[in-house]
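The structure appears below as structure tokens.
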Protein chains: 2
Amino acid sequence: MSRQQSPSIKMVADRAGVSVATVSNVLNGKPTVSPDFARRVNDAVRELGYVVDLSASRLRSRKAQLAGVVVPDLTNPMFASFVSTLEHLARLADYDLVVVSARNNAEEEADRLRKIRAWRPAGLIVIPCDGAFAERLPDGFFAPVVLADRIPDAAGFDLIAVDNGPSAGAVAAHLDQQGYEDCLVVGTSLLISNIRERWEGVCASVKRMRVEMLEIGIDDAHGAQLLEERLRHRPLPGALFSLDQGTTLLTYCTMAEIGLSVPGDIAFASFDEMEWMRLVTPGITTVRQPVEEMAEQAWALLLRRMTGSAGKPVTRRLRCAVEIRGSTPRNPLEEAGKLKLGGRKWKLQDEPYSPE
Amino acid sequence: MSRQQSPSIKMVADRAGVSVATVSNVLNGKPTVSPDFARRVNDAVRELGYVVDLSASRLRSRKAQLAGVVVPDLTNPMFASFVSTLEHLARLADYDLVVVSARNNAEEEADRLRKIRAWRPAGLIVIPCDGAFAERLPDGFFAPVVLADRIPDAAGFDLIAVDNGPSAGAVAAHLDQQGYEDCLVVGTSLLISNIRERWEGVCASVKRMRVEMLEIGIDDAHGAQLLEERLRHRPLPGALFSLDQGTTLLTYCTMAEIGLSVPGDIAFASFDEMEWMRLVTPGITTVRQPVEEMAEQAWALLLRRMTGSAGKPVTRRLRCAVEIRGSTPRNPLEEAGKLKLGGRKWKLQDEPYSPE
DNA sequence: AGCTTAGAATAAATCGTTTCACCAGAGTTT
DNA sequence: AAACTCTGGTGAAACGATTTATTCTAAGCT
């Protein structure tokens, strides 16, 4: 099987009757080429179906026009959407993107970070698996890195994230205002900074309502067991607030399983919006994160860094939208409109960086 | 800002006191190098934090170890899962993957296909936007291509897809058996081969039940209007079967909006499983596609092609699982167990290729 | 000892581009 | 007319790795 070769720039040059340098100049839009030669080159390119070889081009020019993206899990719709937006933006800026998933595993993430250096990317956008990201970044890595969504333990990184505290606080305040006596707050682990920020936001904003934190860990089976134990225990809390995507689904199913009705037996709210939350009856009150905007901000920042802007690390917090649905209001009348906290425009605000 | 350079193989060679060729030999596991030299090289590599430059490596070695993936939309969970599985498999085989999304747009797909050639991938896995894929594949493309999920109009491609006809047929037979008089089948367009196969499967397997096809097109607003029109018209069909992901969500919402209850007023089933379908009450009867297995098969096939296996194009059809839930059974007693069509293992079957 | 052979390391050629230094010729200035 | 600037084009040197061909050394055989 004689695998046919792609045509090279030399073949184009021969066919057009010019030098390879001229072909290169035409292809890269150098202004010093006469229209006549340009036409001949373009014709030859078209006839041969020539496409530049990125390896050779990158090697010689030493300009990458390439950025790396590392996410914890591509199957998570939020991250998928993040990547999809980035991909679009990168294309507009004429950059290529190398996307890898760490499959929710810090070791794999470290491995990907090491391997991705082989591409010589001009920059990196990373949603870290956990706070210990800094330790996993290889020493010799000199390209700019922008972190997104998850807050690292160490300072010194550019960061685009959401305002976890205030948003979670808004939900808690809403529950408080509805008159629930106590609220069970569920999350994987307070060691994850996002969860910690959300929990602190809840604590900071409740007035009358008692709140109680339950960490169910990363293992689904074990978490479900812990949760069921607590939910079978009396007194049942008046409300439940789940702080991340994984626990939300688990919680929702567990409640259904042991026959708790929402919001009759218990009110239910969730951080992280998922599609089904507006489909079930009643709809689930959630905090919707501005994923697309997060991607836009991360890209804009990385692009600035890649094109040489130095300066102190920047932290930006984006506003989330709180979407009140049927799963939380006590008075069905209020559900209709006046509780609509959502709909405020997500707004950007710069903050000085302050770790943990 | 003096951007520091990555160390090159030459620097490693100097530090280890050997030639670059020896360094290359060590790094690529060539057997003809003494343990002593190997150690010295490895030490130097570690000390400098050296990582190979893929551009240079590829350019010289002319072996790609790189495959391209083109999907219509990364935010679709099914495709995201497909890509995620591929990424994992590729890594196991020590391949890199470059992933691009066509954003549901045939022109963008054509553009991506053109651009992706610059990477000189050893092969391509594509989920095409539509049947006219062959026209969009650039002429000079000589790497093997494996198509997945969507059936192209033209023959001559390796293809991994699901058994649309039989699976849709199984759902139709179930509805028929439940005694529904007539069934409205909804899909975007019969021009899309998957939808056509599903519709034909429905037609082929119903005995008593009358079936009626409604094509609602790709535009959501217009589709919703068509659908609402039909659902307000009397007589209302006894059952509704939605043939693809997009229409399913639309249909479900439209039914809710005009106050139809499922399955009281109308039974409801869907091709394409989504997460929420087991969360809503009643659960939605669906056809679950074996996405991971589709990815595995596609990768296995591409790998064979990339390593030189020639031979006629292969078509493989994977079995779907039919998941009966509360949205369709007439007799709630039957819901419990005996209707469980699901659970049969997905099985692989080779078929001669037959276009259209 | 003389001749072959195998093993281990290297020098140099090479992959397909981009870029740099240079050149021929036309036009312009002194 | 000699000495300049442009202008549009080219040959050849990189880029950083891999591969090929070559050298050198030491061991193995008569």
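Residue numbers begin at 1 in each chain, while the letters A, B, ... track the order of the sequences.
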What is the distance, to the nearest angstrom, from the CE atom on B/Met11 to the P atom on D/dA17?
10 Å
Comparing B/Leu59 and B/Thr32 on DNA chain C - which has the more 5′ nearest nucleotide
B/Thr32
Quick one: A/Lys63 NZ to D/dC15 P, roughly how many Å, whole number?
15 Å
Might you work through the salt bridge (charged side-chain N to carboxylate O under 4.0 Å, His left out) test for A/Asp111 and A/Arg136, ending with a clear yes or no?
CA-CA 9 Å; A/Asp111 181 58; A/Arg136 295 194 294 275; over 6 Å; no
Calculate the interatomic distance between B/Asn28 atom CG and D/dG16 atom P; express it in whole Å.
18 Å
Walking DNA chain D from its 5' end, the first of A/Val20 and A/Phe37 to be reached, judged by nearest nucleotide, is A/Phe37
Check if the side chain of A/Arg60 and the base of C/dT17 share a donor-acceptor pair of N or O atoms closer than 3.5 Å.
no
How many whole angstroms separate atom CD1 of B/Ile9 from atom P of D/dT19?
11 Å
If you check the B/Asp53 side chain, which of D/dC15, D/dA17, C/dT17 turns out closest?
D/dA17
Sugar-phosphate, base or nothing in reach of B/Thr22, heavy atoms under 4.0 Å
base
Atom CZ of B/Arg40 and atom P of C/dA8: how far apart are they, to the nearest Å?
15 Å
Can you figure out which of C/dT18, D/dA17, D/dT18 approaches the side chain of A/Ser57 most closely?
C/dT18
Any idea which heavy atoms bring B/Val52 and B/Ser57 closest together, and the distance?
CG2-CB, 4.2 Å
What's the closest nucleotide to the side chain of A/Arg62 if the choices are D/dC15, D/dT18, C/dT10?
D/dC15
Can a donor-acceptor pair be found between the side chains of B/Asp73 and B/Thr75 at a distance below 3.5 Å?
yes
Taking atom C1' of D/dC15 as reference, at what distance in whole Å does atom CH2 of A/Trp119 sit?
17 Å
Counting only heavy atoms from other residues, nucleotides and ligands, does the tally under 6.0 Å from CG of A/Asp139 exceed 12?
no
Which comes earlier along DNA chain D counting from the 5' end, the contact point of B/Arg58 or that of A/Ser19, where each point is its nearest nucleotide?
A/Ser19
Between A/Leu54 (CG) and D/dG16 (P), how many Å, whole number?
17 Å
Over all strands shown, is B/Ser34 touching base, sugar-phosphate only, or nothing at heavy-atom distances under 4.0 angstrom?
sugar-phosphate
For A/Val33, report the nucleic acid contact type (base, sugar-phosphate, nothing); a contact means any heavy atom under 4.0 Å.
sugar-phosphate
Ignoring backbone atoms, test whether A/Ser24 places a side-chain nitrogen or oxygen under 4.0 Å from the OP1 or OP2 oxygen of C/dT18.
yes
So with a 6.0 Å cut-off around CD of A/Glu135, is the heavy-atom count from everything else above 12?
no
State whether A/Lys10 places a side-chain N or O below 4.0 Å from either non-bridging phosphate oxygen (OP1 or OP2) of D/dA12.
no
Taking only the side-chain nitrogens and oxygens of A/Asn25, find out if one of them lies under 4.0 Å from OP1 or OP2 of D/dG9.
no
Judged by nearest nucleotide, the residue sitting upstream toward the 5' end of DNA chain C, A/Val51 or B/Pro31, is B/Pro31
Do A/Ser81 and A/Ser84 have side-chain N/O donor and acceptor atoms under 3.5 Å apart?
no
By nearest atom, which of the nucleotides C/dT19, C/dT17, D/dT18 is closest to the A/Val52 side chain?
C/dT17
Which nucleotide sits closest to the side chain of A/Ala21: C/dA8, D/dG16, D/dA12?
D/dA12
Rounding to an integer number of Å, can you tell me how far A/Tyr50 OH sits from C/dT17 C1'?
7 Å
